[in-house]
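Read the structure below first, then the notes.
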Amino acid sequence: MEKIKIGIIGLGTVGSGVVKTLKNFDNKVQIQKIAVRNINKKRNINGLNENILTDNPYEIVNDKNIDIVVEVMGGINPAFDLLKQAINNGKHIVTANKELLAKHGEELFSIAKEKNIVILYEAAIAGGIPIIMPIKTILQGNKITKIDAILNGTTNYILTKMDEDGASYEKVLKEAQELGYAEADPTGDVECFDAAYKIVTLATISFNKRIKINGIYREGITKISDRDIKFANELGYKIKLIASAKLNDKEQADVRVHPMLVPKEHVLAKINNVTNAVMLSGTPVGEIMFTGPGAGEMPTASSVVGDILALCSEIKKTDYPLPMMRCNHTSEAERIEIGETENRFYISLNTIDTPGSIGVIGTICGNHNINLSDILQKGSNPDGTAEVVVITAICKEKDIKAALKDMKKSQAISKINNLIRVMN
Ligand code: NAP
Ligand code: HSE
């Protein structure tokens with residue numbers, strides 16, 4: 001059987017795992033070339049043929065013998081230009097690059113359609129969890145209307161360690177970087193750009209309507225304090241970074257990423273460390289959940305290699321490989337503004353410790369039609385303030401924001417510490 005020839009761009013965390021895993025398939029797949037930035041870097045990969053390394057990735061996209069280009073380099077430039085050139089040169093694509101898909105997927109898929117090219121990207125969403133292929137194949141008979149997910153391993157690892165060990169944010173972030181979970185610039189993880197890239201692609205293929213990354217509501221985990229984690233626990237919740245997407249009856253999409261208090265008994269509250277999870281609701285299937293390692297060398301390699309092998313089993317045997325895996329949505333979803341969305345909310349604030357302060361909180365919330373469901377105060381501080389935490393009933397985002405504005409102006413409240421959404 002003729003081997004399929006591939007070129008790999010990037011030999012970092014993911015690329016190394018791909019090369020190691022592909023050794024088991026050298027009867028089917030031949031790695032023709034690997035592009036790296038620094039050709040002199042010491043690589044810890046047994047049996048790596050250094051003669052196939054190049055520091056010019058254009059050698060790969062322009063190599064006439066290469067059938068599949070595997071892009072595990074990351075970033076927009078030069079990845080976007082490289083993939084456009086590869087597609088124009090007739091090469092099928094496997095990529096783990098969620099940023100590129102979220103920002104330029106539309107253009108890439110449109111050139112791919114013109115050129116009869118398949119782009120696979122299982123590793124880009126939730127690392128080692130198979131989610132793209134199930135949605136595009138066995139779940140295609142469903143109308144999916146809701147996704148609640150933990151899509152970033154680094155932030156889930158940080159929140160878990162802060163909760164379980166009381167470890168500091170900085171220490172745990174360093175560990176996540178050493179373990180190869182975090183992006184080169186961890187801002188992408190902790191400010192939740194990474195999870196936003198993933199949820200727009202996931203929502204796009206689930207709802208069969210394009211969701212654009214611009215304007216997606218995104219809030220990072222950097223403001224979550226050990227106090228918030230402690231209060232959440234006392235009130236029966238865990239704090240998780242939740243990426244969610246919902247499609248209402250009018251086909252309008254509510255897509256966002258932000259930390260949430262999740263009830264301890266909810267299945268997502270039990271997803272810890274680098275594990276990711278995706279809960280989908282669809283008709284007729286009902287609610288289903290996928291979970292597994294969301295980042296790291298070998299789990300991510302599993303998804304990349306799965307995509308490579310799926311292509312290998314079809315190219316050179318058919319003129320139209322993997323039809324179900326292609327991009328087939330044609331319209332863009334109308335979006336719901338964040339102000340119009342509804343949630344319960346956790347508010348942590350410091351009051352002036354005098355009679356009636358808590359009453360002021362209740363009155364301000366009442367003025368904005370917000371009902372309170374929990375309230376917690378533990379004594380008072382030596383500086384004459386008291387830390388108070390409240391949880392509201394369901395209310396509109398724009399109403400809670402208006403209430404917060406009034407609280408900031410109130411003489412009874414000295415500081416708003418945090419506002420976090422609460423999952424029902
Ligand atoms: P990484 O460890 O930083 O590796 C990047 C690789 O790309 C390195 O080998 C680097 O070369 C090479 N490279 C960078 N710029 C290049 C250029 N201009 N020309 C040629 N090679 C270049 O990154 P990673 O963690 O493997 O992530 C790769 C991609 O997978 C990203 O899109 C990321 O978002 C995605 N992803 C990562 C994970 C994960 O767990 N890490 C999981 C899912 C998806 P040198 O080795 O010479 O520096
Ligand atoms: N930095 C990403 C994460 C890698 O922590 O989830 C997987 O996409």
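Order of appearance sets the numbers: ligands from 1, and atoms from 1 within every ligand.
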**Report entry** Is_contact(atom 32 (O) of ligand 1), protein non-hydrogen, under 4.0 Å
**Finding:** yes
Query raised in the report: Under the 4.0 Å line, does any protein heavy atom show up next to atom 3 (O) of ligand 1?
Result: no
Nearest neighbour in protein (non-hydrogen) for [atom]:
| atom | answer |
| --- | --- |
| atom 45 (P) of ligand 1 | K41 NZ, 3.4 Å |
| atom 16 (C) of ligand 1 | M73 SD, 3.4 Å |
| atom 46 (O) of ligand 1 | R43 NH1, 2.6 Å |
| atom 8 (O) of ligand 2 | K98 NZ, 2.5 Å |
| atom 12 (C) of ligand 1 | G10 CA, 3.8 Å |
| atom 28 (C) of ligand 1 | V72 O, 3.3 Å |
| atom 41 (N) of ligand 1 | G180 O, 3.2 Å |
| atom 6 (O) of ligand 2 | G153 N, 2.7 Å |
| atom 8 (C) of ligand 1 | G12 N, 3.7 Å |
| atom 9 (O) of ligand 1 | L11 N, 2.8 Å |

Cationic N near anionic O, under 4.0 Å, [X] to [Y]:
| X | Y | result |
| --- | --- | --- |
| K230 | D226 | no |
| K174 | E170 | no |
| D194 | K98 | yes |
| K209 | E332 | no |

Requested in this report: Return yes when atom NZ of K250 has more than 12 non-hydrogen atoms of other residues, nucleotides or ligands closer than 6.0 Å, and no otherwise.
Outcome: no
Requested in this report: For atom NZ of K113, decide whether the heavy atoms of other residues, nucleotides or ligands shown that lie under 6.0 angstrom number more than 12.
Outcome: no
Report task. Determine, for Y346 and R421, whether the Lys NZ or Arg CZ falls below 6.0 Å from the six-membered ring centre while staying within 45 degrees of the axis. Result -> no
Query - Six-ring centre of F109, R210 cation under 6.0 angstrom, axis tolerance 45° - result: no
Query raised in the report: Can you pull the salt bridge (Lys or Arg N to Asp or Glu O under 4.0 Å) pairs that have at least one residue in residues 25-53, sequence neighbours excluded?
Result: K33-D63
Report task. Verify, without hydrogens or angle tests, whether K23 (side chain) and N46 (backbone) share a donor-acceptor contact under 3.5 angstrom. Result -> yes
Query raised in the report: When you look for heavy atoms under 4.0 Å from ligand 2, do you find them on the side chain of T154, its backbone, both, or neither?
Result: both
Can you sort out which atoms of ligand 2 are near [X], meaning under 4.0 Å from one of its heavy atoms?
| X | result |
| --- | --- |
| E183 | 1 (N), 2 (C), 4 (C) |
| Y181 | 1 (N), 2 (C), 3 (C), 4 (C), 5 (O) |
| A295 | 3 (C), 4 (C), 6 (O), 7 (C) |
| N152 | 2 (C), 3 (C), 5 (O), 6 (O) |
| K198 | 2 (C), 3 (C), 6 (O), 7 (C), 8 (O) |
| D189 | 1 (N), 2 (C), 3 (C), 5 (O) |

Would you mind listing which atoms of ligand 1 come within a distance below 4.0 Å of any non-hydrogen atom of [X]?
| X | value |
| --- | --- |
| A295 | 40 (O) |
| A123 | 43 (C), 44 (C) |
| E183 | 33 (C), 34 (O) |

Report task. Using non-hydrogen atoms of the residue, decide whether E99 is closer than 4.0 angstrom to ligand 1. Result -> no
Requested in this report: Would you check whether A124 reaches within less than 4.0 Å of ligand 1, judged by its heavy atoms?
Outcome: no
Query - Within-cut-off N or O pair, E71 and ligand 1, under 3.5 Å - result: no
Query raised in the report: When only distance counts, is G296 in polar contact with ligand 1, meaning an N/O pair under 3.5 Å?
Result: yes
Query raised in the report: Parallel under 30°, tilted from 30 to 60°, perpendicular over 60°: which one fits the rings of H104 and F80?
Result: parallel
Checking side-chain polar atoms at under 3.5 Å, does [X] have a donor or acceptor matched by the opposite partner on [Y]?
| X | Y | answer |
| --- | --- | --- |
| N381 | E387 | no |
| K3 | N27 | no |
| K238 | N233 | yes |
| N214 | R335 | no |

Heavy atoms only, cut-off 4.0 Å: how does [X] contact ligand 1, side chain, backbone, both, or neither?
| X | result |
| --- | --- |
| K98 | side chain |
| P57 | side chain |
| T13 | both |

Query raised in the report: Below 4.5 Å, heavy atoms only, C-beta onward: do K415 and T351 meet side chain to side chain?
Result: no
With a cut-off of 3.5 Å and sequence neighbours excluded, list every side-chain donor-acceptor pair involving residues 279-299.
| unit_1 | atom_1 | unit_2 | atom_2 | d |
| --- | --- | --- | --- | --- |
| S281 | OG | E287 | OE2 | 3.3 |
| T291 | OG1 | N276 | O | 2.9 |
| E297 | OE2 | G17 | N | 3.4 |
| E297 | OE2 | K20 | NZ | 2.6 |

Requested in this report: Look at ligand 2 and say whether G127 reaches it with a heavy atom at a distance under 4.0 Å.
Outcome: no
